[in-house]
Structure formats: C-alpha cells, structure tokens
Trainee: 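The structure that follows is given in the form of structure tokens.
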Amino acid sequence: MGTREILETMEFGPAPENTDDAREWLRKSSCRFGHLINGEWIRSDSLETQNPATGEPLAHISVGGAAEVDTAVEAATEALPKWQAIGSNARARHLYALARIMQKRSRLFAVIETMDNGKPIRESRDIDIPLAIRHFYFHAGAAQLMNSELPGRRPVGVCGQIIPWNFPLLMLAWKVAPALAMGNTVVLKPAEYTSLTAMLFADCLFEVGIPPGVVNIVTGGAQTGQIIVEHDGIDKIAFTGSTAVGREIRRRTAGAGKSITLELGGKSAYIVFDDADLDSAVEGLVDAIWFNQGEVCCAGSRLLVQEGVSERFHAKLRRRMEKLRVGDPLDKSIDVGAIVHPAQLQSITQRVSEGLKTGGNLFQPTVGLPAQGCFYPPTLITEVAPASPLMQEEIFGPVLVGTTFRTPEEAADLANNSRYGLAASVWSENINLALDIAPKLVCGSVWVNSTNMFDAAAGFGGRRESGFGREGGWEGLHGYTRPAGSNARRNRNTRAMRTKAQRQDRASDAVHRTYKLYIGGKHVRPDGGHYMAASTLNGEVIGLVGRGNRKDIRNSVEAARKARGWAKATAYTRSQVLYYLAENLSLRTEEFAACIVRHAGSSISAARREVSASVERLFHFAAWADKNDGLVHSVPIRGIAMATNEPVGVIGMICPAFYPLIGAISLAAPAIAMGNTCIVVPSENMPLPAIDLCQVIETSDIPAGVVNVVTGEQNELAKCLASHDDVDSVWYFGSGNPREVEHASAGNLKRTWTARAEDLDWLDPSPAQVREFLYQATEVKNIWIPYGE
Ligand code: NAD
C-alpha cells in the first residue's frame, strides 16, 4: 500500500510486541515455578498455565497444600516483629525501592502479563503495570507518614491475600503495598490462571532485599485459597474475586476473629443523559466495557440511555463497535484481546445465550475473530428488561446490556436496582445534574463524564454484594491497621451473665414497671407478648422488659428504612438535634443515675459519671456531625476525586453488657450523627437506662424510626438483624461469640463490626477509638470529576 493510499484509508497493519525477553525469563526458570516461602523457592505438584490467545503452554505453577501454607504462615509470623521494628522510614525505603525496580522491569512485566492473561499489551503496558508501580510509590509515602497521620493504629498482623486473574499484578500491588506499608506481613495467593507476574515480582523482592518471610507467595487454585482462609495463624483476609466466593469466605471466617475485606463483583451502571456529549460517551463506553475484554469488576456493563437520544446514541455506538479490533493481544493496535481461559469463554457464551431467552436485541459487529484462541466479539444487547439475568448478573466479558429511562429519578432507580454496588458513570454536560445523581447512586465510585478511573490515592471498593472495605487512599489503610490496644485475634471471655432461666424465673416475681419496645417512634408491646425481668445485681426484680423477636426486628427495620430521609437532613440539623438530646439527658441526670445505681449496684458518684460522660459523648458526636469531612484526593488527572463520607444505612447494634447507658449512647450517637438509622438492642442484664432514653429521644426532635430500641435476648436478636437483607451493618458488642452474626451476615454481605466490649474505653475513649466509630458509621464514595472541555 502506498503512502497516499494509507493516508486516505488510515489503515494500519499489525505492530507485534517483542516477546524475546519474556521467553528468556521463562526459560531461565525452566518454565517451572515454586512457591516463595521465607525467601526460598519451594516446589510442589504443579498445574500448567497457558497463553489464552494461542493455547500455547507457558509454564508450570506449583499448587500449594496445607504443608506449604503452614510453612508460609509460620514464616510470615516470624518475620512480623522484625518488619514492624525496622520502623516506617525503613519500610518506606523498601517500598520505594520495589517501585523503582518494577519500573525498570515494566516492559517485561507487561509482556508476561499479556501472554498469561490475554489482555492487550497496550493496556498492560500503559495501565496495569504503571498503576501497580504507582501503588508502591504511594504506599512508600503512607509507610513514612503512618506514625504521624495514623496515631493510635497498629498493624493487623499476618495477612492472607487472595486475588483474581483479571488484573494479576495490579491486584497484587493493591494488596501487598498497603499491607507492607502498615507493618504487616503477607501470604499471597495469585489466581491459578495468571501467576506469572507474581513470580516476576518475587524476583524484585529478592533484588530489593525485602527480608525473608515478609512476603510469601503460595500459588494454586480454590483449595489453596480455602486453606489460607481457614488458617488459624492468619489475622486478616483480603480477598478480591467473585461474590459467590466472597460469601463463602465470610461464612468460613465467621467467629474466627479475623479482620476481612472483600472486593467482589459488580454490574455497574453507565448512565447517559440527553444533554451528554454523545461522542465522548461512546468513546467512554469503549473503556467502560471493552477495556480488558470486559473482565473488569467495575465494568460499565449496564447501559442506561435517556429515551430522547437513545436511537442516535445506539447508532453511534454500533458504528464505533464496527471499528474495534479484536485479536492478538501482543499486537499494539488491538483493542480487545483474548478471554482469560476457555472456561471463562464458555461461561460468557452461556450467560448470553441463556439471558437472551428473556428478551433483548443482540448486536455484534462484523469484526473478524482469530481462528484459534479464546475470543468473544464485542456485544451489545439493548431493550433488556430490568429484571432479566442479563441486567442483574455479572457476565464478566465484553458484553454490554442496556435499556432506556425517562427522568433522572428513573435513572437512579434503575442504576440502584442491583444487588451490587461497585461503581457507576454519569454522562451529562450539566454538572448540577451529574452531581445531584452521584450521591443517589449506591456504590463506592462514581465517574462523572469519565469511566474506569483508578489511582493509588483514591479508595476503591463496593457496597452491598460488591463487598466491603476500600483499597487505595487513606481510606484503604484502615483495613491494614487496627486500633492500638485491641487484640489482633479475639479471645472472647464470656462475661458471667445471669442465665435466661434465672431471668425468666424472676419475671414471675413481684411486678414493677413494664417497659415496651420503642419502634418507629412508638412504645409498642413485643410481638410475642413475652417479657423478661430486669433486676438488680442481687436479683431483685425492678421491672419487666419486652422480649423482642424476629417480627419485632422486622418491624423496627421497616421503621428504620422509612426514616432514611434522616440521611438527607443537613449535617447542621443532625448536630443540633444531638445537642438538644444531650441537653435533655443532662436535665435528667439524677433520674438516670438512680436507675444505674439500682440496676448495676454502682455507687451514685460512678453512676453520675456515666450519665455525665453520656452527655459529653452526645456533644462529641454532635460536634462531629458537621465535621467528618471527606477529602479531595490528589489524583494524577486534570480533575479531582472527591472522597465523600456517606451514611451506611440501617445499622443494627448490640450493646455491651455493662455501662447500660453510655454503652447504648456510644453506639447510637455516631450512627445518627452520620445520618444512619438504627436498631439498638440494649444490655440484656441492664436494659432500663437504654429504654428510659427513648423518652428523652421522643422529646428531642429525633424523627420517628431513626432510633428504635428492641430489648430481649441479645444473641437471638443479633442473628435476626444479621440475616435481615434490609440491614446494612451490624455492630456486635455482646458477650457471646459473634460467629452466628458474621455467618448470617453473608446473606447480603452486610458489614459487621464485632469488637470485644472489654477492649474499648467506654468512659474516656481515645481519639482513635472515636475515629473507629465514625469509620464504622460511614461509607466512602469517591466521585471523580475531570475538568476541561
Ligand atoms: P474467583 O472468586 O473465582 O477467584 C478469585 C480468587 O479466589 C482466585 O485466586 C481463586 O483461586 C480463589 N478462590 C476460588 N475459590 C476459593 C475459595 N473457596 N476459597 C478461597 N479462595 C478461592 O474470581 P475470579 O473468577 O478469579 O475473578 C473474577 C471476579 O473477581 C469477578 O466477579 C470480578 O468482579 C471480581 N473482581 C472484583 C474486583 C474488585 O475490586 N471489586 C476486582 C477484580 C475482580
């Protein structure tokens, strides 16, 4: 073809990347890799890994069993004190050196990633690897600043980290960098299809001189992952992968006292308003759904277009799809590469054909696919019903499904009509509209007139069944630290409690006052009509309290849901209401102190101290209501990422057995200050002060349903709350084992906070403890807003 012809057609030929260095690297290891344990390579039985674009075998990867995981955990445990003792500056230097060495080897990393995963070299070279390196740089800084910026927080311990195959090195970086920065040690398991860049990363660890045992890499499949998850010596599990496996991990770790963060699947909405720049929005879609073959947790896979422009938009989109190049991922001019594995290809094919049975209009461009290898064409399915599995289930491939909407409200409703909550894109030239919609979307990231933007300085993570916890930014460091003083591993000493039988026997003693439940702003009888005795320490009955059951929990959750308008009240209003509550409680100090004295047998001065500290606690969180500011992250774009603190939603809270008043107030105050609504289950032994508090609440302008109080058997009620799909989080400070709470929470993958009441200072909390309450009462949403025309 002559130059003139080329200029006229703008055709371009293949531009293959050179693979010599990568092949040489594989040859040097005889294409066989072991596990990296305590700074040594240890081999075991192996599996073969292939290039999905060609089917060519690449290497043999060892499969770790119990013995390998044991040795790795031992090594990580032994390395832990030394890694902490070297201090933040030394850790920062190690991380910086790692970033530098990865940068030097970035081309090799990119080629190996593409050969192993099938993603276009353009993406591994320009996105995956630079971002992975950026995470090490960012976290070198985080290590340096840990002592000054995260006072009162300590490393969690040994972290088990399990990652998926879609961004192998990037996911490794998201996990290893913050863990090491905060002084933890690691046992990492890459995905079985894509372990090679983790092996190359191990070479970098040697070169930099990261002490043996600080990072251990055990390769293998699901079973190896399971062994890590269940290992007793592991303090934290950080998992990225499918929702199904995340749920299983939640169940398997229930009650084990492990800290966990779950980054799971998604079905993110891509909303195009009629005033959007349609050409940009089409180009954005190429990145949203065809980047990485759509094998992206936050892929904009649900297209919602405003009716007035839908025909024009879909026509432009189809035209653009005809131009996409699908083929050899090592070709620098390819847009869509290979699907990671034949099994994934089959899963995509099946989900699409099954889904189409429920309706939808299929379009696939006439782009040719290579004759061999795992390829799937870019696909658009329009006119899909909101309830169709195509709209609801993650396909995890280059498949875009869509429908239309009429009003902004409908757009938000459709976007939120999902069990997931990872991300969303909003396209509109009207910034007021875009910024009105962003807070209404239940998800962890919103991209305004942009898509799939990530950076180490901004947290990423989900809500609902997309998991909990954040990775990246200041917010991501929380998951790799714990408050000083709390035990890394729980060793729950059950407090001596009066037994159920004792309490019920005493219910037939002389009857004093009968206390009802407080639901939706009303004092109501317990559904079952049963009551329990509330007595003094000596067993003298001083009242009867309702014994709430599942139905009462259902009613209170319904009331709390109805009161969700509280989240829209301004922070100023919320603070005023809390100050007023504090003032009203203060007026009744003597009454509450007397109640505590009778119940708990404490001295009057101790009881007054508890009431006075309760008043102060209300003042404290009233003060925080309009001061728990978000952040504007310094991300490397012309624009900003705003990290905003949003309420979690409906929180169920099980109060500590002791401190009957301040226990309840310490939980409810931060929750309502941050805009949540709650269901409080008071101390089982000493419920009266919390119930009396309802009268103060009634006179303090707190809207009905914002605080609900259900007395009864704490563990029974905790389980009801944890298994309720409309509850967004459960805080458990009860005296039993939180296993059942954590296990039941796996249903909708709600957040749980199960700390030992004994580990907290209820009367005089440290600033770090207060921060922990604020953290538990909020969800961070990052809203990305690029500037410029
Ligand atoms: P997967 O859940 O099948 O596997 C993920 C990892 O878990 C792999 O290393 C696998 O070996 C391991 N594993 C599998 N079963 C296990 C078990 N029972 N116990 C312990 N470990 C187990 O997911 P995948 O197919 O590799 O990845 C795709 C999924 O990952 C998608 O759902 C995607 O949305 C999700 N993902 C989420 C994010 C995020 O940040 N939210 C990022 C990337 C991918």
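We count ligands from 1, going down the list as the structure has it; atoms in each ligand are counted the same way. Worth saying up front: this structure is predicted, and the values here are computed from it rather than measured. Just so it is clear, the values below take in all heavy atoms, side chains as well, and ignore hydrogens, waters and symmetry mates.
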Trainee: Measure from every N or O atom of ligand 1 to the protein's N or O atoms and keep only the pairs below 3.5 Å, writing each with atom names and distance to 0.1 Å.
Mentor:
from	atom 1	to	atom 2	distance (Å)
ligand 1	2 (O)	S242	N	2.8
ligand 1	2 (O)	S242	OG	2.6
ligand 1	9 (O)	I163	O	2.7
ligand 1	9 (O)	K189	NZ	2.9
ligand 1	11 (O)	K189	NZ	2.8
ligand 1	11 (O)	E192	OE1	2.7
ligand 1	18 (N)	E248	OE2	3.2
ligand 1	23 (O)	S242	N	3.4
ligand 1	25 (O)	W165	NE1	3.0
ligand 1	26 (O)	W165	NE1	3.0
ligand 1	30 (O)	G241	O	3.3
ligand 1	32 (O)	E394	OE1	2.7
ligand 1	34 (O)	E394	OE2	2.5
ligand 1	41 (N)	L264	N	3.3
ligand 1	41 (N)	L264	O	2.8

Trainee: Decide whether a cation-pi geometry holds between R751 and Y775; the criteria are a distance under 6.0 Å from NZ or CZ to the six-membered ring centre and an angle within 45° of the ring axis.
Mentor: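 Because its charged atom sits under 6.0 Å from the ring centre and within 45° of the axis, R751 does stack over Y775.
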Trainee: Can you tell me if W41 and H35 form a side-chain donor-acceptor pair at under 3.5 Å?
Mentor: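 The criterion, which ignores hydrogens and geometry beyond distance, is not satisfied for H35 and W41.
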Trainee: Among T253, N184, T261, find the residue that satisfies the side chain to side chain donor-acceptor pair (under 3.5 Å) test when tested with K236.
Mentor: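 So the option named by the test is T261.
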Trainee: Tell me whether D728 is salt-bridged to R464, with the criterion being a basic N under 4.0 Å from an acidic carboxylate O.
Mentor: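 Judged by the 4.0 Å cut-off on N to carboxylate O distance, D728 and R464 do not form a salt bridge.
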Trainee: Indicate yes or no: does E465 engage R247 in a salt bridge with an N to O separation below 4.0 Å.
Mentor: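 So E465 pairs with R247 through a salt bridge.
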Trainee: How would you list all residue pairs meeting side-chain hydrogen bond (donor to acceptor under 3.5 Å, both in side chains) that involve residues 56-76, not counting sequence neighbours?
Mentor: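 Passing the test, one end in residues 56-76: R23-E56, D70-H231.
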